[in-house]
Amino acid sequence: MTRNDTPYLSDRSFVEAVRAIQADHPAAAAVHQEMCLLYTGRVLADLLRGRRA
């Protein structure tokens, strides 16, 4: 991603966290939790690189 996508990635992380909590099946919850962690990692990496919202 070339532009500052930190706000988008942060929002996606939040959505995935909510989906993980609301999931009816443990496998679905695990997938959403993993996606949440991936998005969170991207946000943290952007913040460390100085790409603030």
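Only this structure's heavy atoms are used, side chains among them; waters, hydrogens and symmetry mates stay out. Quick note: residue numbers are just sequence positions, from 1.
Paired with Arg42 under the rule side chain to side chain contact (heavy atoms under 4.5 Å, CB included), one option of Leu37, Leu47, Leu9 passes, and it is Leu9.
Atom CZ of residue Arg49 and atom OG1 of residue Thr6 lie 9.0 Å apart, to the nearest 0.5 angstrom. To the nearest 0.5 Å, atom OG of residue Ser13 and atom CG of residue Leu38 are 9.5 Å apart.
Here the shortest heavy-atom pairing between Ser10 and Val43 reads N-CG2, 3.5 Å.
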Result block: side-chain N/O donor-acceptor pairs under 3.5 angstrom for residues 22-36, not counting sequence neighbours:
| unit_1 | atom_1 | unit_2 | atom_2 | d |
| --- | --- | --- | --- | --- |
| His25 | ND1 | Ala27 | N | 3.0 |
| His32 | ND1 | Glu16 | OE1 | 2.7 |

